[in-house]
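Reviewing the structure listed below.
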Amino acid sequence: MTWLEPRTGERVRVKAWTCDCRATVYELCTAGGQGFIRRTLQREGSPEVHETHRWTIPQTYEMWAAVLSGMAR
């Protein structure tokens, strides 16, 4: 999976997320009729945030399932 710098200024809805007790937190997000996954690396000082490309909503749910099952990172 390719991780990109997050877009700014768009309205994002977070639909699901992993536990923030881990060093890496993933969020399933939608914006503008498309979906993407956001990854936050919780580092000391400031977190590092990246996002995937935008996909259709069904494709995003497939990738989300892959992330949760350990098939994608």
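Heavy atoms only: backbone and side chains are in, while hydrogens, waters and symmetry mates are out. Position 1 is the first residue of the sequence, and the numbers go up from there.
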query: Which hydrophobic side chains are connected to Val14, either touching it within the sub-4.5 Å cutoff or through other members that do?
result: Trp17
Measuring from atom [atom1] of [X] to atom [atom2] of [Y], what distance do you get when rounded to the nearest 0.5 angstrom?
X: Glu27; Y: Glu51; atom1: CD; atom2: CD; value: 9.0 Å
X: Cys29; Y: Arg7; atom1: SG; atom2: CZ; value: 12.0 Å
X: Thr24; Y: His50; atom1: OG1; atom2: NE2; value: 11.5 Å

For the student: nearest non-hydrogen atoms of [X] and [Y], plus distance:
X: Ala66; Y: Ser69; result: O-OG, 3.2 Å
X: Pro47; Y: Thr40; result: CB-CG2, 3.7 Å
X: Val49; Y: Pro6; result: O-CD, 3.3 Å

Does the side chain of [X] reach to within under 4.5 Å of the side chain of [Y], using non-hydrogen atoms?
X: Thr60; Y: Leu28; result: yes
X: Met1; Y: Met63; result: yes
X: Tyr26; Y: Arg38; result: no
X: Leu4; Y: Thr52; result: no
X: Lys15; Y: Tyr61; result: yes

query: Are Val25 and Trp64 connected in the hydrophobic side-chain network, where two residues link if heavy atoms are under 4.5 Å apart?
result: no
- prompt: Counting distance only, does the side-chain N/O of Gln59 pair as donor-acceptor with the main-chain N or O of Thr56 below 3.5 Å?
  reply: yes
query: Does the pair Ile37 and Val67 meet the rule for a side chain to side chain contact (heavy atoms under 4.5 Å, CB included), with working shown?
result: CA-CA 9 Å; Ile37 298 172; Val67 167; 4.0 Å; yes
field: Verdict with reasoning, Trp3 to Arg39, per side chain to side chain contact (heavy atoms under 4.5 Å, CB included)
entry: CA-CA 8 Å; Trp3 295 101; Arg39 177 184 71 183; 3.2 Å; yes
field: Qualifying residues under side chain to side chain donor-acceptor pair (under 3.5 Å), relative to Glu62, sequence neighbours excluded
entry: none
query: Which residues pass the side chain to side chain donor-acceptor pair (under 3.5 Å) test with Gln42, sequence neighbours left out?
result: none
- request: Give a yes/no verdict on a cation-pi contact between Arg54 and Phe36, requiring under 6.0 Å between NZ or CZ and the six-membered ring centre and an angle within 45° of the axis.
  value: yes
